Structure formats: structure tokens, C-alpha cells
2 protein chains.
Amino acid sequence: MSGIAKVAELAGVSKSTASRALTGAGYVSESTRARVIAAAATIGYVPSTSAVSLATGRTRTIGVVMPYVNRWFFAEVLEGIQEALLEHGLDLTLYDAKPGSAGRRRIFEDFLARKRFDGLIAVGLEPADDELERMRAIDRPLVTVVGEDPSTSVVAIDDDHAVRRATEHLIALGHDSIVFLGGGAGSNWAHVDRRRLDGYLEAMADADLGDHVRHVPSDVSLPGGYAAAVDLLGGARRTPTAIVGVCDEVAIGAIIASRRLGIRVPTDLSVVGIDDHEYAEMFALTTLEQVPRSQGLAAVELLLAHIADPDHAPRQVRLQARLVMRSSTAPPATHETAAVGDMRVQRRRFADE
Amino acid sequence: MSGIAKVAELAGVSKSTASRALTGAGYVSESTRARVIAAAATIGYVPSTSAVSLATGRTRTIGVVMPYVNRWFFAEVLEGIQEALLEHGLDLTLYDAKPGSAGRRRIFEDFLARKRFDGLIAVGLEPADDELERMRAIDRPLVTVVGEDPSTSVVAIDDDHAVRRATEHLIALGHDSIVFLGGGAGSNWAHVDRRRLDGYLEAMADADLGDHVRHVPSDVSLPGGYAAAVDLLGGARRTPTAIVGVCDEVAIGAIIASRRLGIRVPTDLSVVGIDDHEYAEMFALTTLEQVPRSQGLAAVELLLAHIADPDHAPRQVRLQARLVMRSSTAPPATHETAAVGDMRVQRRRFADE
DNA sequence: TTGAAAGCGATACCAC
DNA sequence: GTGGTATCGCTTTCAA
């Protein structure tokens, strides 16, 4: 005999009473409760989670599906989720669903169907239609971080608005030659990135800069931003006076590229990002701050509400991004522009080589 | 009625037979097996994991404990582990045990004791004694990635040897003023970092450079390396001709700092790292390559062996790091050293400001 | 080759 | 307040 039965025996009560005493459900006199708890403590009783799950139908586990864990945003959200779950005593099972991978297929086809969780948090998934279907089919509360679907709860920032503000900041400074850098490389247009591009487009249009609009695609990563910026800034073609990065990683890549090319930031080139990435400070990047960690926390709270009350209506939590001014932006260098432009072409080779 | 009972009914067999047919344990005639499988398919049968766990004692889940998920090495290991587990159809539950956090305490005190996993992988944990004790106490196979303990299985690179090679590479190039950058900031000496420092110390001693030895502590992160390098290289004090970073993040931070200070890499300063970080290429960083993703895979395979055979002897898998030559290292600039040194002092302000 | 029945370790309903 | 017992969904002897 083991488990709760042993505790019961030790305390001289029945299993039912022991269970009630330990879980706090139902009436137990104070004295027996104390005895049961003491008994549990002496044998170091820990309930079997599978038995509990089988009996209650709850797993006390939350599933998290995300396409990357090695990118800043995702890692931060994950840490936020973990922190909140730890607080609530819930386990976190991770499903790393890399776009196009065999693993991802298995996750959607097999793993999710096992329902080893009371609820699911999907972070930046961009699910295909059949994937979305499967997530629906599992009949567990679902909260999305960075998502579209108005029929499920969503936590996200207002991307459109954030980029709009970033762009307007540049325009207010006097820039008109502003490039939107990142996203749309190959066939990969993530919804977020698209939405951010829209924010840029709108801000430009509103300022009558519609024909100055220019999007330069890149991988949405630091090296991706770097590579694209080297092409953009190192080329003989007219270079912009300002860049809006689709996210901080891309923006920072652009700053690094600028430095290597001998282009001074912000004197010759202004750069804004979106995120407030952990490296933003170090590159003095002006950016629109979002706090993915808090988004993770918020997602957990929302999900728990859904679990507690299945009829809880879907909620869209759209956070407002705050402008963090650092020193990667300045007014364009009006007079010297031409001269500097010339110089720049001459030193197309990396500045520190 | 539901679950396997329904499948059994549909196939016109008993639960036992259905179970055998589905799990492949025990004899079932081909024809009945086919019928059972068909029946399962028509109702979309998915076994209840809690019931299976309760009956078999196996959770088909692996626990992963790590102190960070937002650092390159850890994220990569995690992805490697996930990939391997997906392959095997196993779930991954994550325990993010930030040093000193309340969550960490709960993980070790409560979460692990629940044993919701068939085995545990601990990555770079640096557990306190009581924590180690608790991990032992849970009586589940344990594999460590980046660890010490010879009594448990370990997957890691030979850190000492890797840094030794990095240092020797610099020495062979003609450097003698070599700084070891990173680790040991505040009271945080991680074992790995300490071991890496040892490698440096040994290489220096072997080359009779014992009194040129110099360790500059820093946070083990990119901004940490950057900040420390700015101090080190921007100061009036004699600056080294070469730096060994405790890891690539620190090394890259140093490169970024150098560029800002107008110090050319590798002309004025050589830099080597350990890792082959995702950004190493972009900074042309010469480094000792380790592949954390493979370490994650290896850890899983090792763990599964332990689970399959509880008597499997502990194994220490020490991988050899490969030197990846890029262009952050070169012979020291012998003649111009003094002149350059002077210049450097003059332009202590950031080069692009 | 198949079926009946006994667990696995909890919860929860229903008497007492 | 407390105890007996059915139940959750599956695996696994043991007999047939």
C-alpha cells in the first residue's frame, strides 16, 4: 500500500477523509486535518499526478506552442509564462513548432491531440488553416500571443500603431527618405511584420510621403538585418537618411552594418526599432517598447480565467508600446548630405578593414 | 463508455485485446489487430495519457531544468532536446530555474518531487548542494549537459581544452599580451567559466607567459562583454593585443566595443571566442565551435538509454571543440604598436559619435 | 489467441 | 464529519 492510503492509515482515517483533508475539498474537523497533514509530512507524501488527472480530468499543465525559442521575443514570452505558471503551481509543456519541420507536423497531428494540458498558449504561430482547425478541435481553452483571430483571446501590442509612431517620430525629425527594413524575405510574410509594414505605410501616406515609401526585405533576425543593411547602405544607389526596423534585431543589425560602413548613427543615419530588445540599450537604439515577459504573464492569467470559467468571453488585450528615446535618431544632416553621400560611396569597404 | 472500451466494442473484442492490438504488447491475430486499428481510427481514438501513466508508471515525458532559456547556448540545447523528443513521441516539460528566484526554489521543492517525467535533463545548472540532493532523491534517471558530477551522465565539451587551443592559437600568432575576458563578475563564478579560465591559465603558463596573465571579469553576456571591453580598451591603461572571450557573446561584445573605440579587429586587436554563436559569422569571429543542439540530442539519447536500462552505467560524453578560423585574429602589429596605442588613448570617445 | 478481472492512485458521491 | 465504494481509462497477469 502506498500513496494516500498509507497517509490515511497512519492518520487512522479513511482514504476519503485523507483526500478531503489534503485537498481542502469537503468537511474535515480541524483535529483530523492536522493529523492527516502530519502523517503526509512524515512519509513525504506527494500525490500521483496521473492518478489525480485521471480522477479529476485536470492535468495541472499548460501547453505552450511557439515556432522558435531562440529568438528574443519568444524566449522572453516563454520566461514570462513560466514564471506565472510556477506561481500557480502549474507545469509547462513546450511544443517547439518550427515552420515546415517534421516536428511541427507531429505536434499538430499527434501531440496536441493527447490533450496533456488544461489549456494552450500559442505564441506567434502563424498557423496554417489545417493547423488552426486542429487547435480548435482539441477543445481546450486557447490564448494567443501575437495573433489575429478575434474568436480566441489574444495578447499583443498594437503593431500597426507602434510602427506608425516610430515612423512619425522620424518624420517629425525632418526625415523623408525613410526605409522600412525587414520582413517579406522569400515567401515569409509573417502577419505581424505585415501589420508593421502597414503602420509605416500609413504614417508615410499621412505625411504625404507616399512616393518616398520603400521596403527592403530581410530575414527577421540580427544577421538578416545586418546583411540587408550592408546591401542597402553599401550600394551606390541613393541611401536613405532613416530606417525603421521591423524589430530591434533587424534595427540593430542595421546599426552594426552602418558602423562597419563608416556611416555614423545618428548623424548620417537615424534608426528606430520595435521591441526594446535586451541589446537596445547598448546600441543606444530608439525604439517602441514592448514587454514580452508581461505578455506571457497576461496570457497565463487570461488562460486561467478561461479554464476556470469555460464561458468566459474571448478578450483581446492590445498593449500600447511606449516610445523609448535613446540616441539612434536625430534630424537629417541637411547641408552636408551630398558630401557625406559621396564619401560614403568611396568607402564602401568596411570601415575597420 | 468511451476510450478504449468503445474501440473494443466497435471491433467486437475485449478491452484487453484492444489494448494489446493498439500497444503491440502480446499476441493478437493479424485480422483482429486490423479490425481494432480500424475501429480506433473511425472514432479517432487517442489514449488518455493519465490513464496510461497510472497503469504503466511511465509518463512519456522528459523534464528539462535550465537556468535560462534566453541565452544562445541554452536555447539551442533546448531546441535540440525538443527535436529529439518529438522524434520519440515524448513530451517535454520545462523548468526554468533562474538562479536565486522564488520559482527556482519551488521547482526544487515541489515540482520535481511530483515526478511528472521519466527522466530529467539538467542543463548548466550549477546546483547548490541541497538542490543536487533533491535531484538525486527523485529517483529518476538524470543526464547533465555542462556538468561536473562523475556519478551521473554528462554531455559537454572539453572546456579546458577548447580555451587552451584558443589561447595557443593567439600565442602562435605572436601575441603575448592576452586578456581573458568574462566570468567572475561579482560572486558569480560558474564552473564552466572557471574551467575555461583554467584552460587559458594553463596555455599561458605553458608558453612561459605566466606573468602576462590577466583576467577581466564581466557578465557572461553580449552587453556584459561590451561593457567590460569598453572599460578595458578605452582606458588609458595598457591595452592587450588579444582577447580570449569566455564565450562568443562576450567576445562579440568586445568586438563591438572595439569598433566603437576605433580599434581595428584584427589589425589592432585579435579576438577569439568559444561557441560558434549564431552571430559569430557576421562578426567574422574566430572561435572554437561547439554545437549545443547536438548536445541536446545526445543528452536525450543517453537519457533514454538510462530509462530503458536502469543499470546503464553513467557515461561522460566530452565533445571536442573544433577551431573555426575566421578573421578576428592576426599577428600583433609589432612596429606601430606604440603609435597606435597613443592614438587610441586620444580617441577614447566612441568613434562614431 | 482471447477474455475476465485485478490493479494503478487518486476523487467524489452517498450513506451513515 | 467520516467512511465505503464506484469511477476515471488503461495495462497486465492469469485462465481458458
Side-chain angles (χ1 to χ4, degrees), chain A residues 1-40 43-61 89 91 113-118 139-140, chain B residues 1-40 43-61 89 91 110 113-118 138-140:
Chain A
M1 173 184 36
S2 76
I4 204 173
K6 182 156 226 155
V7 174
E9 189 193 43
L10 248 166
V13 298
S14 69
K15 286 197 323 181
S16 346
T17 304
S19 173
R20 263 175 266 141
L22 261 13
T23 61
Y27 295 115
V28 182
S29 76
E30 256 328 306
S31 66
T32 43
R33 153 165 289 122
R35 252 183 311 133
V36 171
I37 289 179
I43 66 168
Y45 167 72
V46 177
S48 147
T49 48
S50 34
V52 173
S53 295
L54 185 55
T56 61
R58 308 234 125 175
T59 60
R60 300 200 58 77
T61 296
D91 272 325
R114 290 186 205 144
K115 309 190 195 186
R116 292 192 72 152
F117 37 75
D118 298 331
D139 183 40
R140 289 273 182 286
Chain B
M1 173 186 33
S2 75
I4 204 174
K6 183 156 227 155
V7 174
E9 189 192 43
L10 248 166
V13 298
S14 70
K15 286 197 323 181
S16 348
T17 304
S19 173
R20 263 174 262 140
L22 261 13
T23 61
Y27 296 114
V28 182
S29 76
E30 257 326 306
S31 67
T32 43
R33 171 186 310 277
R35 252 183 313 134
V36 171
I37 289 179
I43 66 168
Y45 168 71
V46 177
S48 146
T49 47
S50 34
V52 172
S53 296
L54 186 53
T56 62
R58 309 231 128 179
T59 60
R60 301 200 57 76
T61 296
D91 272 324
D110 307 339
R114 290 187 205 144
K115 309 191 196 186
R116 293 192 70 152
F117 38 76
D118 299 330
I138 56 177
D139 184 40
R140 289 274 184 284

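Just so we're clear, the structure is a prediction, and the values are computed from it rather than from any experiment. A, B, ... follow the sequence lines: proteins, then strands. Residue 1 opens every chain.
- In plain terms, the two heavy atoms of B:Val28 and B:Ala21 that are nearest each other are CG2-N, 3.7 Å.
- Across all non-hydrogen atoms, the minimal contact from B:Arg35 to B:Thr32 is NH2-CG2, 2.6 Å.
- The phosphate of C:dT1 has neither OP1 nor OP2 within less than 4.0 Å of any side-chain N or O from B:Thr32.
- Between A:Arg35 atom CZ and D:dG1 atom P the separation is 14 Å, expressed in whole Å.
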- Might you work through the side chain to side chain donor-acceptor pair (under 3.5 Å) test for A:Ser19 and A:Ser16, ending with a clear yes or no? CA-CA 5 Å; A:Ser19 173; A:Ser16 346; over 6 Å; no
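- Counting to the nearest Å, the C1' atom of D:dC8 and the CG atom of B:Leu54 are 9 Å from each other.
- Residue contacts for B:Ser50: at a heavy-atom cut-off of 4.0 Å it reaches no nucleic acid atom on any strand shown.
- Side-chain polar atoms of B:Ser50 and B:Ser53 form no donor-acceptor pair below 3.5 angstrom.
- With respect to B:Glu9 and B:Lys6, no salt bridge is recorded, no charged nitrogen being found less than 4.0 Å from a carboxylate O.
- Looking only at side-chain heavy atoms (C-beta outward), B:Arg116 and A:Arg60 come within less than 4.5 Å of each other.
- A:Ser53 comes within contact range of no nucleotide atom at all, as no heavy-atom separation falls under 4.0 Å.
- With distances taken from any side-chain atom of B:Val28 to the nucleotides C:dT11, C:dT2, D:dT11, the minimum falls on C:dT2.
- At a non-hydrogen distance threshold of 4.0 Å, A:Lys15, A:Ser16, A:Ser19, A:Thr23 from residues 8-27 of chain A come into contact with DNA chain C.
- Counting to the nearest Å, the P atom of D:dG9 and the OH atom of B:Tyr45 are 10 Å from each other.
- Of all the heavy atoms in B:Ala39 and B:Leu10, the pair that sits closest is CB-CB, 3.9 Å.
- With rounding to whole Å, B:Arg116 atom CZ is found 14 Å from C:dA10 atom C1'.
- Residue whose closest nucleotide on DNA chain C sits further toward the 5' end, between B:Ser31 and B:Ala55: B:Ser31.
- Here C:dA10 presents its P atom at 14 Å from CZ of B:Arg114, a figure rounded to the nearest Å.
- If you measure from atom NZ of B:Lys6 to atom P of D:dC8, you get 13 Å, rounded to the nearest angstrom.
- One interatomic measurement links the two molecules: CZ of B:Arg58 to C1' of D:dC10, which rounds to 16 Å at whole-angstrom precision.
- Whole-Å rounding puts the A:Glu30 CD to D:dG1 P distance at 10 Å.
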